[in-house]
Amino acid sequence: MEPNLVQFKKGVLELCVLALLSHSDSYGYDIASRLSDAIDMGEGTIYPLMRRMQKDGLVSTYFVESPSGPPRKYYTLTPNGEVSLQAQKTAWIGFTKAVSSLLDIQDSAATPPQQQTDQPSAPAGGHSPLTVHKPIRKTPA
């Protein structure tokens with residue numbers, strides 16, 4: 001796995017756990033399995049994160065009897081966890097939009113501009129307010 005991808009996953013792990021718990025309470029192994037399926041994140045990273053999130057007051061726990069062994073520790077979002085989820089979601093959406101915008105700019109810069117013969121030229125130093133500029137996408141060969 002690429003080192004950058006590992007860092008991306010670590011950076012978004014808490015947000016993903018909060019998002020999962022916003023839908024329903026869950027126990028550690030289930031959270032780990034769902035994260036593994038969605039973003040290929042290992043089980044070993046979940047439990048330290050869950051302990052820290054509990055210490056920080058983002059989640060609380062309770063036990064439920066299990067028919068196949070000892071009681072399971074379930075995690076649930078606290079009110080602070082819900083606030084944190086919304087704040088992280090807002091930050092994530094803004095961040096990914098900004099990164100996507102930069103990636104689109106780079107994609108556009110790598111593509112030669114189309115010649116325009118029937119449109120008036122833009123004023124020096126800027127775009128005409130009446131001209132709509134869309135990035136030109138490369139098509140696979």
Q) What about Phe95 and Ile93, same hydrophobic cluster or not, with Ile/Leu/Val/Met/Phe/Trp/Tyr joined at side-chain heavy-atom distances under 4.5 Å? A) no
Q. Looking only at heavy atoms, what is the nearest atom pair of Ile39 and Cys16, with distance?
A. CD1-SG, 4.3 Å
Q) Between the side chain of Thr90 and the main-chain N/O of Gln86, is any donor-acceptor distance below 3.5 Å? A) yes
Q. Which is it for Glu14 and Leu18 under the side-chain contact (heavy atoms from CB on, under 4.5 Å) test, yes or no, and what are the steps along the way?
A. CA-CA 6 Å; Glu14 181 177 304; Leu18 292 172; 4.1 Å; yes
Q: Under the side chain to side chain donor-acceptor pair (under 3.5 Å) rule, collect the residues that match up with Thr61, sequence neighbours excluded.
A: Gln54
Q: Locate the shortest heavy-atom distance separating Asp25 from Thr76; write the atom from each residue and the value.
A: OD1-OG1, 2.8 Å
(Q) Can you give me the closest heavy-atom contact between Thr78 and Ser60, atom names plus distance? (A) CG2-N, 3.7 Å
(Q) My understanding is that only residues two or more places apart in sequence, or in another chain, count here; which of them pass side chain to side chain donor-acceptor pair (under 3.5 Å) with Ser100? (A) none
Q: Of all the heavy-atom pairs spanning Lys89 and Leu15, show the shortest one and how long it is.
A: N-CD1, 3.9 Å
Q. Does Leu21 reach the side chain of Met50, with side-chain heavy atoms less than 4.5 Å apart?
A. yes
Q: Would you check if the side chain of Tyr47 reaches a backbone N or O of Tyr29 as a donor-acceptor pair within less than 3.5 Å?
A: yes
**Q.** Sidechain-backbone polar pair: Ser84 side chain, Gly81 backbone, donor-acceptor under 3.5 Å
**A.** no
